[in-house]
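Written below as structure tokens is the structure these notes are about.
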Amino acid sequence: MSGERYNPRESEPKWQKIWDERQSFVTSNDDPREPYYVLEMFPYPSGRIHMGHVRNYSMGDVVARYHRARGKNVLHPMGWDAFGLPAENAAIERKTHPGAWTYSNIAAMKKQLQSMGLSIDWTREIATCSPDYYRHQQAMFIDMLKAGLVTRKSSKVNWDPVDMTVLANEQVIDGKGWRSGAPVEQRELTQWFFRISDFAEDLLSALDELKDWPEKVRLMQRNWIGKSEGMRLLFEIVPSDKTDAGAVDVFTTRPDTIFGASFLALSPDHPLSASLAADNPELTEFIAEFHRQGTATETLEKAEKKGVFTGIRVKHPVIEGETLPVYVANFVLMDYGTGAVFGCPAHDQRDLDFARKYHLPVKPVVLPIDADPASFTIGDEAYVDAGNIFNSEFLDGLSIEAAKKKVAEHFGARMVDGQVQGRIEVNYRLRDWGISRQRYWGCPIPVVHCEVCGTIPVPKKDLPVVLPEDVSFDKPGNALDHHPSWKHVSCPQCGAAARRETDTMDTFVDSSWYFARFTAPDAETPTIPSIADRWLPVDQYIGGIEHAILHLLYSRYFTRAMKATGHVGLDEPFKGLFTQGMVTHETYKSEKGEWVPPTEIVFETDGEQRRARHAQTGAPISIGSVEKMSKSKKNVVDPDEIVGGYGADTARWFMLSDSPPERDVQWTESGVEGASRFQQRVWRLVHDILEIAEQSSKTVSSNGADALALRKIVHRVVAGVGHDIEALSFNRAVARIYELTNALAKAKDGVAGAALREALREGIEYLILLINPMMPHLAESCWEAMGKTTLAADADWPQVDPALLVDDEVILPIQINGKRRGEISVAKGTPASEVEQLVLAMDAVQKALDGKSPKKVVIVPDRIVNLVV
RNA sequence: GCGGGCGUGGUGAAAUGGUAGACACAAGGGACUUAAAAUCCCUCGCCGAUAGGCAUGCGGGUUCGAGCCCCGCCGCCCGCACCA
């Protein structure tokens, strides 16, 4: 055998250079072969890749290389999600320009990614902060503006007081900014919006067709869109001197409980609340207090349900002569429905709490099945389940569903305040996507505000609207707005002095179409629709679950908006979606309770317990829980150190082994060493077998049975690995490859004849091709050692001989009363009657039967035998 | 509160309703070596000397047969959360 160890530090750069020189992974749009588009979520250029990237891109690369070997024309590009606030923060801290910082980060990360040996077409690289990219985004924005997909409106927004910018609802997590973590405040601002809510129904129903998406993600999006079917209902105000308004408009999903209504509640933000507050000091104070403490979503959630009577009453819509009091209540959202609700305390917990507090009537109108109408009462718990309507005149006896229909008919035929009193309405939780950000480092919104002409889009010939280079970040807030001259322009329509829009776009806009731009990255238009439509949708998209709502929902919307403006011809951008788990690591703490990085620790074991000490001081270290790698807990492992030490293939292999890809994976030193050992083992095995194969066969006397047995294993593994990769079950593919390696190592020791030598040769050749998607550098080195003059990267996936997948002998386990008691080897396809005879004749079976005859004999041909005694 | 997911050896995990624990890590024993590293071989769910028994969070059920299907608990994780 070759005594030399495989040296990844030498071989990996060598193959990377060769792939690069031969342009192995450059994809042509004109290639006639079947297209396959695999994409991993592009990274934010923070400056360094982390293990999460390694895992993500290792998976994507396996898919890309596998499909390339299967003869597809594979598109596997990479780019940079390069706009965003960290660049501005860095500019402030380091007195540099956001662009300079970003581009130097890109260069550093690109080098790191290249050292991983990914099969990426780097000729298609894009950075969203480049005018070459964002000018097309601006062009599409103008198209969408003209198509009515974009709107500008004043609304209450989530204001991040640290980042000094606006956040979309989706970007507020637990009442805090998704990036800054600061409690979010509510402010009233004029903003640009994509009218995503117009697409709510389509975005919701199309989820059903995304069969290659995780059910979990579809469900999260479904909940986020939040469809609810209900009714809009007008309550006529009893005339008084308090207000001129004729009716209050209410949204409800439970019109069937209308007879149980006992009050109306308005949001403090409801226009009627404000007008009623004018001569009502108590109400004024209540609304003011609501606004004081109601800024942060968090405090809002914990607040007690409170309200103030407004002094006005409405007519009960179905009970003649009765009226209901109107309250302003802190739990009614202005954002949802109409900002007003009717309270039916018997069948809604919130309403019940409110009613008990203010001593309002509680009248049950839904009777649980089998309950006695005479004695059924509501205590502290509202009854919200199924039942039949009672206490409700013309609805009595109906089911909830039937009652809803009847109520709709009833109110649909009546008029209040000059309008139909009630009509069916569908409401969505999904709000329009506010994209205005008061930041410099983002795509400028290409419009001009003219006092004469209003808001005018920048003519396309004047695009791109480029960010000014000479900016200062001395003052907090928007550097673009502070720039002395940039915003002063003349109106493109009338020529008068006008002002540029200084808001830039949310960076989620940038990432909502990059996958389309990759299909024609140098085009003079945002896309070349015929080419985009050929590649899209992305066949396999891979990324983190944290983008389940934001990025993926926006991209789905944006693709529809691009279709409406003629830039693509499809609705859904991602056919297959896979969300990978996080990379975790043990945490370590010193006796003082400080986090200690794994690089500073040595481990020892006494066979029972693992202990840790500080490498330099020898101080004891406590081993803590396994957590997501994070700087704050110091449990990060730097990919550069792993790639520089063990090599990229080892890191890749380890990321794919053991843990199912959707689950979290724990990075361990021993796991990496195991991966590295396997790398050496393959290298040795290939050389050992080559040596055996080259020996002249003096004793050609093999009957071929051993060779056939080996070939069966080889072909079964090849078929299995292909299957596993297509299912993205990389850990199972890895296990099969280990099995093959074990089988080859065993077989090589017993070589008797030429047939087995040939089988071994086929075995290692296939082994190399199987590991190629996962450890491509090692595969090339082994391929070369075999004397091949081509590249493993260009080799076809091994052909499976179907005949070798079939066994002519099968081993049937024999169960007695469901417990395994023995086995029998029979020819495949042996009929049940024959098997029964054979089994009953067996000693072990006779012994177990103890002279009795079985009550029942279950025989599943080629699978199992079960005797019931 | 609502919705979803997951509970299998010391560990990561396998297992179209059909031999539970493949494969790997860790551990232990042995070979080789002056020694170490590397490598190779063996053991490795629990109880039991063996025969065998018990084992997939707990309790039931369906089935010839359940880790897998159904019902009820317990625990952990994730998402949403005053949505009328």
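In what follows, chains carry the letters A, B, and so on, assigned in the order in which the sequence lines appear, proteins first and then strands, with residues in each chain numbered from 1.
Judged by distance alone, the side chain of A/Ser657 and the main-chain N or O of A/Trp653 form a donor-acceptor pair under 3.5 Å. Between the side chain of A/Arg556 and the backbone N or O of A/Leu203 there is at least one donor-acceptor pair closer than 3.5 Å. The main-chain N or O of A/Gly379 is found under 3.5 Å from a side-chain atom of A/Arg356 such that the two form a donor-acceptor pair. Remark: the backbone N or O of A/Ser267 is paired with a side-chain donor or acceptor of A/Ser273 at under 3.5 angstrom.
Separating the CD atom of A/Gln349 from the P atom of B/rA84 is a distance of 15 Å, rounded to the nearest angstrom. A/Asp385 places its CG atom 13 Å from the C1' atom of B/rG1, with the value rounded to the nearest Å. Straight-line distance from the CD atom of A/Glu215 to the C1' atom of B/rG3: 12 Å, rounded to whole Å. Computed from coordinates, the A/Ile545 CD1 to B/rG79 C1' distance equals 9 Å when rounded to whole Å.
For the P atoms, the distance linking B/rC73 with B/rG65 amounts to 26 Å, nearest Å. Spacing between B/rG60 and B/rC80 at atom P, rounded to whole Å, works out to 38 Å. Distance noted for atom C1' between B/rG61 and B/rC68: 15 Å (whole Å). B/rG9 and B/rA55 are spaced 10 Å apart, taking the C1' atom of each and rounding to whole Å. Taking the P atom of each, B/rA14 and B/rC76 are spaced 23 Å apart, rounded to whole Å. Atom name P, nucleotides B/rG52 and B/rU8: the rounded distance is 30 Å, in whole Å. Straight-line distance between the P atoms of B/rC82 and B/rC25: roughly 49 Å, to the nearest whole Å. The separation of B/rA26 from B/rC71, taken at their P atoms, amounts to 42 Å, rounded to a whole angstrom.
For A/Lys305 against B/rC82, a side-chain N or O and a base N or O form a donor-acceptor pair under 3.5 Å.
Atom OG of A/Ser825 is separated from atom CG of A/Leu838 by 10.5 Å, given to the nearest 0.5 angstrom.
The aromatic ring centroids of A/Phe263 and A/Tyr358 lie 6.0 Å or more from each other. Separation of the A/Tyr738 and A/Phe678 ring centroids falls under the 6.0 Å cut-off. A ring-centre distance under 6.0 Å is not found for A/Phe235 and A/His316.
Taking a cutoff of 4.0 Å between a charged side-chain nitrogen and a carboxylate oxygen, A/Lys404 and A/Glu401 qualify as a salt bridge. A salt bridge between A/Lys306 and A/Asp353 is absent, with no side-chain N of the basic residue lying under 4.0 Å from a carboxylate O of the acidic one. Under 4.0 Å is where a charged nitrogen must lie from a carboxylate oxygen, and between A/Glu691 and A/Lys748 no such pair does. A salt bridge does not link A/Asp807 to A/Lys828: none of the charged side-chain nitrogens sits closer than 4.0 Å to a carboxylate oxygen.
Here the side chain of A/Arg429 is nearest to one of B/rC64, B/rC80, B/rA84, namely B/rC80. The listed nucleotides are B/rA14, B/rG12, B/rA84; the one nearest the side chain of A/Pro660 is B/rA14.
Classification of the A/Tyr336-A/Phe251 ring pair by plane angle, with boundaries at 30° and 60°, yields perpendicular.
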>> Using a 4.0 Å heavy-atom cut-off to protein, can you give one letter per nucleotide of nucleotides 18-25 of chain B, 5' to 3': B if the base is in contact, S if only the sugar-phosphate is, - if neither?
In response: BB--BSSS

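Counting only Watson-Crick and G-U wobble pairs whose two distances sit under 3.5 Å, RNA chain B takes part in these stems of three or more pairs: B:1-7 with B:74-80, B:10-12 with B:23-25, B:27-31 with B:39-43, B:45-47 with B:52-54, B:57-61 with B:69-73.
As judged by a 4.0 angstrom heavy-atom cut-off over every strand, A/Val665 is placed among residues making no nucleic acid contact. Within 4.0 Å (heavy atoms only), A/Ser657 reaches no atom of the nucleic acid at all.
Taking every heavy atom of residues 251-268 of chain A and every atom of RNA chain B, pairs under 4.0 Å involve A/Phe251, A/Thr252, A/Thr253, A/Arg254, by number.
The side chain of A/Arg5 places no N or O atom within less than 4.0 Å of a non-bridging phosphate oxygen (OP1 or OP2) of B/rA38.
Base orientation of B/rG9: syn, the glycosidic angle falling within 90° of 0.
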